[in-house]
Protein chains: 2
Amino acid sequence: MNRKLQVKIRRRLGMGFMIAQRAYIKLYLITMVEQHRGYGYEMLVAMKQEFKPYGYVPPQSEIYRALHELVQQGVLYRTKKLKGNDPKVDFQEIVLYHFTNDGAEKAELYKKQVKTDLDRCLNMLHKAVNDNYS
Amino acid sequence: MNRKLQVKIRRRLGMGFMIAQRAYIKLYLITMVEQHRGYGYEMLVAMKQEFKPYGYVPPQSEIYRALHELVQQGVLYRTKKLKGNDPKVDFQEIVLYHFTNDGAEKAELYKKQVKTDLDRCLNMLHKAVNDNYS
DNA sequence: TGATGAACAATGTGTTCATCG
DNA sequence: CGATGAACACATTGTTCATCA
């Protein structure tokens, strides 16, 4: 049965009816790591700023969960570092994220999968608009 | 605080990160009722057929849940009827759905809200494509 | 098997709390 | 307050079970 397989695959990739917030955030995190953009909290505020006009406020917990998952998946690894240059004045430890050896490759694959899902969602939404609004 | 209010409203309307499957299905059900398209099971198979090319299989339970909610919201009311013309051969009872007095009006309002959400989702998805794929 | 419905389980996400320097 | 993390609670959904005439 082809359909059963397809459902299985989508299940394995964690795809539901629409794209999951987690996947959406991961996509942005990957892009940010590609650009060597700082650490978790910075990415959080960056996304918050970025999405302000869209009325979407990415929750703090989701950002961290997404980062942890990307580490789990072997895409990223972590390094710790003191934020300030002078340890005497700033003890704040931050966590930086980098691609693992095959991380960039894995990331590309993941992005491809997400792209497929994004397109699928776009199709579904366009269809709904066409079908239900005259 | 304006943002808190906005979140509250979206919460009350059941809006999450992306549009909910329930809302999406409700939209189609309303349209089908507008077109006097049969009963629950028929709408289910119709949607299954309709979405086959999209790889989306609307679950049976969601259809019924959506119909029940529309009744709860006072948009639809139910009538029961025997499916076959001859009660001696076919005792299958089916449930037909119709708009209540102000049902059509309520439905229009709901559709407008969903449209807003659909557009918001489309924007978010387009943005993700633009931001993360070169 | 057609048709409707509900119970139950799992998952994703929002909220809150905890910690640390 | 910046930064990271986890606990907990809740809502939406998927799966399974139940029933009917």
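So you know, we letter chains A, B, ... as the sequences are listed, proteins then strands, and number each from 1. Everything numeric here is computed off the predicted structure, so don't read it as measured data.
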Quick one: does any side-chain atom of B:Tyr56 pair with a main-chain N or O of B:Lys48 as donor and acceptor, under 3.5 Å?
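No: the side chain of B:Tyr56 does not pair with the backbone of B:Lys48.
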Protein-nucleotide distance ([X], atom [atom1]; [N], atom [atom2]), rounded to Å:
| X | N | atom1 | atom2 | value |
| --- | --- | --- | --- | --- |
| A:Arg22 | C:dT13 | CZ | P | 5 Å |
| A:Ile25 | C:dG12 | CD1 | P | 13 Å |
| A:Ile94 | D:dG5 | CD1 | P | 12 Å |
| B:Met18 | D:dA11 | CE | C1' | 18 Å |
| B:Arg78 | C:dA3 | CZ | P | 15 Å |
| B:Gln92 | D:dC20 | CD | P | 13 Å |
| A:Gln21 | C:dT13 | CD | P | 5 Å |
| B:Lys81 | D:dA21 | NZ | C1' | 17 Å |

Quick one, which residues of residues 38-48 of chain B touch DNA chain C with a heavy atom under 4.0 Å?
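Result for residues 38-48 of chain B: B:Tyr39, B:Gly40, B:Tyr41, sorted by number.
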Which residues in residues 61-70 of chain A have at least one heavy atom lying under 4.0 Å from any atom of DNA chain C?
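Here the set is A:Ser61, A:Glu62, A:Arg65.
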Fill in the dot-bracket string of DNA chain C, one character per base: . for unpaired, | for a pair to another strand, ( ) or [ ] for pairs within the strand, taking Watson-Crick or G-U pairs under 3.5 Å.
.|||||||||||||||||||.
Earlier contact from the 5' end, DNA chain C, for B:Val95 and A:Ala23:
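Residue closer to the 5' terminus by nearest nucleotide: B:Val95.
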Quick one: does B:Gln60 reach the base of C:dG5 with a side-chain donor-acceptor pair under 3.5 Å?
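Counting by modelled atom types and ignoring angles, a donor-acceptor contact under 3.5 Å is found here.
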Do you reckon B:Leu118 sits in the same ILVMFWY cluster as B:Leu109, going by side-chain contacts under 4.5 Å, direct or chained?
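B:Leu118 does not cluster with B:Leu109.
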Can you list the steps and then say if B:Asp131 with A:Glu50 is a side chain to side chain contact (heavy atoms under 4.5 Å, CB included)?
CA-CA 11 Å; B:Asp131 290 347; A:Glu50 182 87 2; 3.6 Å; yes
Is any NZ, NE, NH1 or NH2 atom of the basic residue among B:Arg22 and B:Glu62 found under 4.0 Å from an Asp or Glu carboxylate oxygen of the other?
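So B:Arg22 pairs with B:Glu62 through a salt bridge.
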Residues that A:Glu34 engages under salt bridge (charged side-chain N to carboxylate O under 4.0 Å, His left out), provided they are two or more places apart:
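Checked A:Glu34 against salt bridge (charged side-chain N to carboxylate O under 4.0 Å, His left out); matches are A:Lys111.
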Got a sec, which residues hit salt bridge (charged side-chain N to carboxylate O under 4.0 Å, His left out) with B:Glu42, two or more places apart in sequence or on another chain?
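Here no residue qualifies.
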Neighbour count >12 (heavy atoms, 6.0 Å) for atom CG, B:Asn101:
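Atom CG in B:Asn101 is not crowded, with 12 or fewer foreign heavy atoms closer than 6.0 Å.
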Ring pair (Phe, Tyr, Trp, His ring centres under 6.0 Å) between B:Tyr28 and B:Phe51, worked out
CA-CA 12 Å; B:Tyr28 273 88; B:Phe51 284 101; 5.3 Å; yes
Hey, does B:Tyr97 reach any base, or is it just sugar-phosphate, or nothing, if we go heavy atoms under 4.0 Å?
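Sugar-phosphate, no base atom in range.
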Does B:Tyr110 form a side chain to side chain contact (heavy atoms under 4.5 Å, CB included) with B:Lys115? I'd like the steps, not just the answer.
CA-CA 9 Å; B:Tyr110 183 75; B:Lys115 179 64 162 51; over 6 Å; no
Taking the side chain as everything from C-beta on, heavy atoms only, tell me whether B:Phe99 gets closer than 4.5 Å to B:Ile30.
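B:Phe99 reaches B:Ile30 side chain to side chain.
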Determine all donor-acceptor pairs shorter than 3.5 Å in which one atom belongs to a side chain in residues 70-78 of chain B; sequence neighbours excluded.
unit_1: B:Gln73; atom_1: OE1; unit_2: B:Lys26; atom_2: NZ; d: 2.6
unit_1: B:Arg78; atom_1: NH1; unit_2: B:Tyr97; atom_2: OH; d: 3.3

